[in-house]
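Below is one structure; the comments refer to it alone.
In the text below, chain A, chain B and the rest are named by the order of the sequence lines, each starting its count at 1.
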Amino acid sequence: MAGRAAPPPEATLRAWEREQARLGAGVVEEDTEEWQRDPGFAGLERVGGVDLSYIKEDETSACASLVVLSYPGMEVLYEDCRMVTVSAPYVAGFLAFREVPFLVEAVQRLQQEEPRLRPQVLLVDGNGLLHPRGFGVACHLGVLTDLPCIGVAKNLLQTDGLVRDELHREQIRSLQKEGDTFPLTGTSGRARGMALRSSNNSSRPLYISVGHRVCLETAVRLVQSCCRYRIPEPIRQADIRSREYIRKQLCSPLEVTSSGPESGKKEAELDD
DNA sequence: GCGACAG
DNA sequence: ATCTTGTCGC
């Protein structure tokens, strides 16, 4: 019973590539909102974050979470955690086919139940244009929901000649303080993303890329403005809450129909 | 051919 | 992604 999930048939991967190409035609790489052009993001009030946390024991169970935070206060206005059953295995370059269906559902649920809390932009775990076919999970989710999306990856997805070699490590060392960046330009000559040092306390950068309806410069600026620690607050909160949700699930073998007061607030700080 | 490979 | 406590440092 150990081991990884069965790899998808070659035909499935080809079909997924075609789907990415089809949807990819709809990606908008420019700012489309007024607040995006304002130096202080005046008019921006809500930023969303999404994430999936997995259960080690069960290959198919995960918790999908969507949170909406106020801007610039970073207070949690909305939280939605839900256990889901994932069907697609994880394959680098095809993350969207594993996670996006549940994220779309979460966004739709929010728009139906709390339309006033609809986020004006979504920070997504993973990449956008910084992707083998220029269509990572952030683009995928953006096109399907028509929400501005930004890809925020914690590790570099090696593609288009971009590699984690000594030169790359040297560029990382050159990032001295938060806000410092260097462009991720592939062999093709195109800037696919930006490495961003988001915290003075962590030397590890974030890899920012355009998802949908936002330009790279705006994306980097916004992510930086959402960072109290290395991980931007919206994604960090989605992450914290989804794994906390799973922890509770595992500790309660009894399925209760109605239960009242839940308490217990603990926050894991520091992400380095 | 072999290795690398977001979450 | 997940397994995992305390601990060294600013």
Side-chain angles (χ1 to χ4, degrees), chain A residues 1-5 7-8 13 16-17 20 49-66 83-103 123-142 149-166 168-169 176-178 184 186-187 192-196 199-211 219 223 229-232 235-236 238-247 249-250 266 268-272:
Chain A
M1 49 162 131
R4 335 197 101 278
L13 293 182
W16 283 354
E17 285 179 357
Q20 288 180 331
V50 294
D51 185 50
L52 261 72
S53 289
Y54 296 88
I55 294 180
K56 169 200 153 189
E57 294 81 4
D58 187 344
E59 197 70 41
T60 63
S61 291
C63 174
S65 68
L66 163 61
M83 292 306 297
V84 299
T85 301
V86 300
S87 51
Y90 170 70
V91 183
F94 300 97
L95 175 64
F97 293 91
R98 177 171 167 84
E99 301 195 340
V100 145
F102 311 107
L103 302 179
L123 302 190
V124 184
D125 237 308
N127 297 293
L129 295 182
L130 180 50
H131 178 276
R133 289 164 296 284
F135 197 71
V137 61
C139 298
H140 204 130
L141 183 60
C149 283
I150 297 173
V152 181
K154 296 179 285 295
N155 294 95
L156 176 65
L157 173 54
Q158 303 191 155
T159 182
D160 193 16
L162 295 166
V163 292
R164 300 163 170 171
D165 56 8
E166 183 49 42
H168 184 254
R169 285 190 288 275
Q176 294 299 307
K177 62 179 196 306
E178 61 182 41
L184 298 166
T187 304
R192 294 176 162 272
M194 202 82 96
L196 164 72
S199 164
N200 285 328
N201 299 319
S202 177
S203 56
R204 292 186 58 190
L206 293 176
Y207 299 91
I208 311 300
S209 59
V210 169
V223 169
Y229 306 101
R230 183 171 84 109
I231 307 301
I235 288 180
R236 184 167 163 273
D239 181 59
I240 289 174
R241 287 153 198 266
S242 59
R243 54 209 306 171
E244 182 69 8
Y245 190 87
I246 283 181
R247 200 176 65 77
Q249 292 282 303
L250 295 181
K266 279 171 192 154
E269 302 295 326
L270 302 184
D271 49 25
D272 203 353

Atom [atom1] of [X] to atom [atom2] of [N]: distance rounded to whole Å?
X: A:D58; N: C:dC3; atom1: CG; atom2: P; answer: 13 Å
X: A:H140; N: B:dG7; atom1: NE2; atom2: P; answer: 18 Å
X: A:R247; N: C:dC3; atom1: CZ; atom2: P; answer: 12 Å
X: A:D165; N: B:dG3; atom1: CG; atom2: C1'; answer: 15 Å
X: A:E57; N: C:dC3; atom1: CD; atom2: P; answer: 7 Å
X: A:L141; N: B:dG7; atom1: CG; atom2: P; answer: 16 Å
X: A:Q249; N: C:dT2; atom1: CD; atom2: C1'; answer: 18 Å
X: A:E59; N: C:dA1; atom1: CD; atom2: C1'; answer: 10 Å

Legend entry - Ion pair check, A:E244 and A:R241, cut-off under 4.0 Å: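 No, no charged N to carboxylate O under 4.0 Å.
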Inset, instruction - Would you mind classifying the nucleic acid contact of A:T159 as base, sugar-phosphate or nothing, using non-hydrogen atoms under 4.0 angstrom? - result: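 Here A:T159 touches no strand at all.
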Legend entry - Distance, nearest 0.5 Å, that separates CG of A:L123 from CG of A:D51: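 It comes to 11.5 Å.
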Legend entry - Rounded distance [0.5 Å steps], CG in A:L52 versus OG in A:S242: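 Nearest 0.5 Å value for the CG-OG distance: 7.5 Å.
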Legend entry - Watson-Crick or G-U stems involving DNA chain B, each at least 3 pairs long, distances under 3.5 Å, ordered by first number: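 Stems (3+ consecutive pairs): none listed.
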Inset, instruction - Please report the C-alpha distance between A:M194 and A:L196 in whole Å, then the side-chain angles of each, then the deciding distance to 0.1 Å, and finally whether the side-chain contact (heavy atoms from CB on, under 4.5 Å) criterion is met. - result: CA-CA 6 Å; A:M194 202 82 96; A:L196 164 72; 5.6 Å; no
Polar atom pairs between nucleotides 4-6 of chain B and protein, under 3.5 Å, N or O only, would you list them?
{"residue": "B:dA4", "atom": "O3'", "partner": "A:Q158", "partner atom": "NE2", "Å": "3.3"}
{"residue": "B:dC5", "atom": "OP1", "partner": "A:Q158", "partner atom": "OE1", "Å": "3.3"}
{"residue": "B:dC5", "atom": "OP1", "partner": "A:R164", "partner atom": "NH1", "Å": "2.9"}
{"residue": "B:dA6", "atom": "OP1", "partner": "A:R164", "partner atom": "NH2", "Å": "3.3"}
{"residue": "B:dA6", "atom": "OP2", "partner": "A:Y90", "partner atom": "OH", "Å": "3.1"}
{"residue": "B:dA6", "atom": "O4'", "partner": "A:N127", "partner atom": "ND2", "Å": "3.3"}
{"residue": "B:dA6", "atom": "N7", "partner": "A:G93", "partner atom": "N", "Å": "2.9"}
{"residue": "B:dA6", "atom": "N6", "partner": "A:G93", "partner atom": "O", "Å": "3.2"}
{"residue": "B:dA6", "atom": "N6", "partner": "A:F94", "partner atom": "N", "Å": "3.2"}
{"residue": "B:dA6", "atom": "N6", "partner": "A:L95", "partner atom": "N", "Å": "3.1"}
{"residue": "B:dA6", "atom": "N6", "partner": "A:H131", "partner atom": "NE2", "Å": "3.3"}
{"residue": "B:dA6", "atom": "N1", "partner": "A:V137", "partner atom": "N", "Å": "3.3"}
{"residue": "B:dA6", "atom": "N3", "partner": "A:N127", "partner atom": "N", "Å": "3.0"}
{"residue": "B:dA6", "atom": "N3", "partner": "A:N127", "partner atom": "ND2", "Å": "3.3"}

Is any side-chain heavy atom of [X] closer than 4.5 Å to a side-chain heavy atom of [Y]?
X: A:I208; Y: A:L184; answer: no
X: A:S53; Y: A:D239; answer: yes
X: A:R230; Y: A:K154; answer: yes

Legend entry - Ring centre gap for A:Y207 and A:H131 strictly below 6.0 Å: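 Ring-ring flag for A:Y207/A:H131: false, centres at least 6.0 Å apart.
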Inset, instruction - Evaluate the ring planes of A:W16 and A:F97, with Trp represented by its six-membered ring, and classify them as parallel (under 30°), tilted (30 to 60°) or perpendicular (over 60°). - result: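 Taking A:F97 first and then A:W16, their aromatic rings lie parallel (interplane angle under 30°).
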